[in-house]
Asker: 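This is the structure, below, for whatever I ask next.
Note that the numbering runs from 1 along the sequence shown for the chain.
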Amino acid sequence: MCSVEGIGKKGGMRIGVIKGGGGGASGGERVEKLKKSSRMKVWVIRATTSVLLWTCIVQLTTLGETWGPRVLKGCPSCFSHQDSSVSAIEDKVPSVPARVIPPKRVYKNNGYLMVSCNGGLNQMRAAICDMVTIARYLNVTLIVPELDKTSFWADPSEFQDIFDVNHFIISLRDEVRILKELPPRLKRRVEMGFVYSMPPISWSDISYYHNQILPLIQKYKVVHLNRTDARLANNGQSLDVQKLRCRVNFNALRFTSQIEELGKRVIKLLRQNGPFIVLHLRYEMDMLAFSGCTQGCNNDEVEELTRMRYAYPWWKEKIINSDLKRKDGLCPLTPEETALILRALDIDKNYQIYIAAGEIYGGDRRMASLAAAYPKLVRKETLLGPSDLGFFQNHSSQMAALDYLVSLESDIFIPTYDGNMAKVVQGHRRYLGFKQTILLDRRLLVDLIDQYNNGSLSWIQFSDAVKETHERRRGQPSKRLVIPDRPKEEDYFYANPEECLQQPDGQLSST
């Protein structure tokens, strides 16, 4: 007789274990078949599970290139086991809150916008803010901007060499879709030369882009804007447009970790020796050649600067009267003039003066009076060793990024010319709480300097006039100047982004 005992479960199947004598052969075959079937199904389940797990890992690895690491850093226990000793150490270290990644903005994509920035670092910085804003309000995908490599500085740096490109993309994902490059099919078309390229009209409002640029993007799928400086109007834009420009400038455009860390080192070295002033002494060869300002230059230098101006065909102004331009306040102050002004403002001679600039034209000869008045003149090259700056050599925009960071943190910022760096740093310091920025009235100052030098004014009279003139030119809250139909003469949005600023007293004065 046969008996059946021990009905159990294995692998989700019920298996009968047969004991006894008669019919053993056929029963054994049946048991063996059941075992083989069970093993086969278990193997299939395991194989399927393995495939699913590998698929998940591959997907996580792919996503990790963009945002995975930032998410996972906030949740280390998700993928790694931590023993009690590690936990004990972490209990002693202050926890860093996980970064919140904004959700993607969902919208119908109207096409792709490529942009090529022109100019120096800060000119390109402002342009990038404008282009992000334009892409957002046209509902198009922005390709990471291309930086200028053909200007006077011939800097080969790419966007990711200066700015944290992943932070740029992720921090704005709730406003606009940004890609590092075009999708493959469109990229091939562009590489073959099939792309619509044009410079947009300067100082245009957002409606121009809706009415003129958007139809082109919808028609060609990709449009390339080949000049980006000053292409969005200062004024007359909606509050949302203005605030997005600020968000890009003050939050999304973060320098690379290498630039940020070196900037912190320079600031720490300066802070160890007390207060410091950043003097943006815009007295480099290219500035003087472009502007035609030759005050204090000898005949050989004047000829050299003139030759350089004619060598660049896109510098349209060739015949320049330096004296008239200086009296109109359109020239950068010379190092000698700057020394007089700092003394007249009662700047303590023991303050460190950090020179944020390239190589000063005329070298030590032109810097002698400033160095005599302020012996604690320093530059990044004197604070850091050659090995620290070696990576940045021949990369003027990366060097300018270091000066930008130091300028933001200085006790006082003083630009001697109202170029793009002076304007953008001024606006950023306003955003940081109206940090003191002395905005020199060059037209008045050169007249006062000439009167002092010819004996018409005593030192006391000269100093009092300089201080009185600049009492209300220290970066306080002020109303941005609007001049309809003359946007170039208005106050620049990035110098005074008043729509984005927290006013200390709720009042704005007129400049």
Side-chain angles (χ1 to χ4, degrees), residues 118-123 148 150-155 279-344 353 355-374 377 379 381 394 396 399-400 403 414-423 439-457 462 466 488:
N118 56 296
L121 174 66
N122 294 287
Q123 186 172 328
D148 191 344
T150 60
S151 65
F152 168 81
W153 302 277
D155 188 338
L279 180 65
H280 183 42
L281 189 61
R282 194 71 171 93
Y283 206 76
E284 301 99 334
M285 184 179 183
D286 66 292
M287 181 70 249
L288 301 181
F290 174 77
S291 65
C293 298
T294 57
Q295 177 76 9
C297 296
N298 58 40
N299 291 335
D300 291 340
E301 290 170 336
V302 172
E303 289 179 8
E304 181 180 41
L305 295 172
T306 303
R307 284 196 303 272
M308 182 179 181
R309 183 163 66 254
Y310 277 90
Y312 289 88
W314 53 89
W315 291 358
K316 296 179 181 179
E317 193 177 13
K318 302 299 182 184
I319 301 174
I320 299 173
N321 186 317
S322 177
D323 291 336
L324 288 178
K325 199 163 187 178
R326 174 176 174 270
K327 288 180 179 178
D328 285 337
L330 300 176
C331 287
L333 294 181
T334 68
E336 297 88 352
E337 291 170 338
T338 302
L340 277 176
I341 299 306
L342 295 183
R343 287 176 53 212
I353 307 287
I355 305 295
E359 184 178 354
I360 302 302
Y361 191 64
D364 292 341
R365 175 178 67 84
R366 298 305 302 272
M367 291 293 288
S369 59
L370 185 58
Y374 292 92
L377 287 181
R379 304 169 60 95
E381 293 85 355
N394 301 318
S396 61
M399 287 287 208
D403 284 342
I414 306 176
T416 61
Y417 187 71
D418 57 352
N420 288 293
M421 178 168 173
K423 292 173 180 175
L439 304 171
L440 301 178
D441 185 339
R442 295 189 307 281
R443 185 172 183 172
L444 178 64
L445 287 177
V446 295
D447 182 53
L448 291 174
I449 289 169
D450 290 346
Q451 289 186 61
Y452 171 70
N453 285 335
N454 65 27
S456 300
L457 289 178
F462 172 70
V466 170
K488 291 183 180 180

Asker: Where the side chain of Arg282 meets the backbone of Thr416, is there a donor-acceptor pair that is under 3.5 Å apart?
Answerer: no
Asker: Does any part of the side chain of Leu377, heavy atoms only, come nearer than 4.5 Å to the side chain of Met367, both counted from C-beta?
Answerer: yes
Asker: Nearest 0.5 Å, please: how far is CZ in Phe462 from CZ in Arg343?
Answerer: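 So the CZ of Arg343 and the CZ of Phe462 are separated by 8.5 Å.
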Asker: Using only heavy-atom distances, determine whether the side chains of Gln451 and Asp447 contain a donor-acceptor pair under 3.5 Å.
Answerer: yes
Asker: For the side chain of Arg309 and the backbone of Ile319, is there at least one donor-acceptor N/O pair under 3.5 Å apart?
Answerer: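 No.
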Asker: Does Thr338 use its side chain to pair, donor to acceptor, with the backbone of Thr334 at less than 3.5 Å?
Answerer: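 Looks like yes, one N/O pair under 3.5 Å.
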Asker: If we only count heavy atoms from C-beta on, is the Tyr361 to Arg366 side-chain gap below 4.5 Å?
Answerer: no
Asker: Salt bridge check, Asp450 against Lys327: does any charged N sit closer than 4.0 Å to a carboxylate O?
Answerer: no
Asker: Does Asn420 use its side chain to pair, donor to acceptor, with the backbone of Asn122 at less than 3.5 Å?
Answerer: no
Asker: Heavy atoms, side chains only, cut-off 4.5 Å: are Leu121 and Met421 in contact?
Answerer: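 They are not in contact (no side-chain heavy atoms under 4.5 Å apart), so the answer is no.
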Asker: Has Asn299 got more than 12 heavy atoms of other residues, nucleotides or ligands less than 6.0 Å from its CG?
Answerer: no
Asker: Can any side-chain N or O of Lys325 pair as donor or acceptor with the backbone N or O of Ser291 at less than 3.5 Å?
Answerer: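 Confirmed, Lys325 side chain pairs with Ser291 backbone.
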Asker: Is Ile341 close to Ile449 at the side-chain level, that is, under 4.5 Å between some pair of heavy atoms?
Answerer: yes
Asker: Around Asp364, counting heavy atoms of other residues, nucleotides and ligands shown, do more than 12 lie under 6.0 Å from its CG?
Answerer: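 Counting other residues, nucleotides and ligands, CG of Asp364 stays at 12 neighbours or fewer.
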Asker: Holding to side chain to side chain donor-acceptor pair (under 3.5 Å), I want the full list of residues that pass it with Glu301, two or more places apart in sequence or in another chain.
Answerer: Arg365
Asker: For Glu359, does the CD atom have more than 12 heavy-atom neighbours from other residues, nucleotides or ligands under 6.0 Å away?
Answerer: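 Counting neighbours around CD of Glu359, 12 or fewer heavy atoms of other residues, nucleotides or ligands fall under 6.0 Å, so no.
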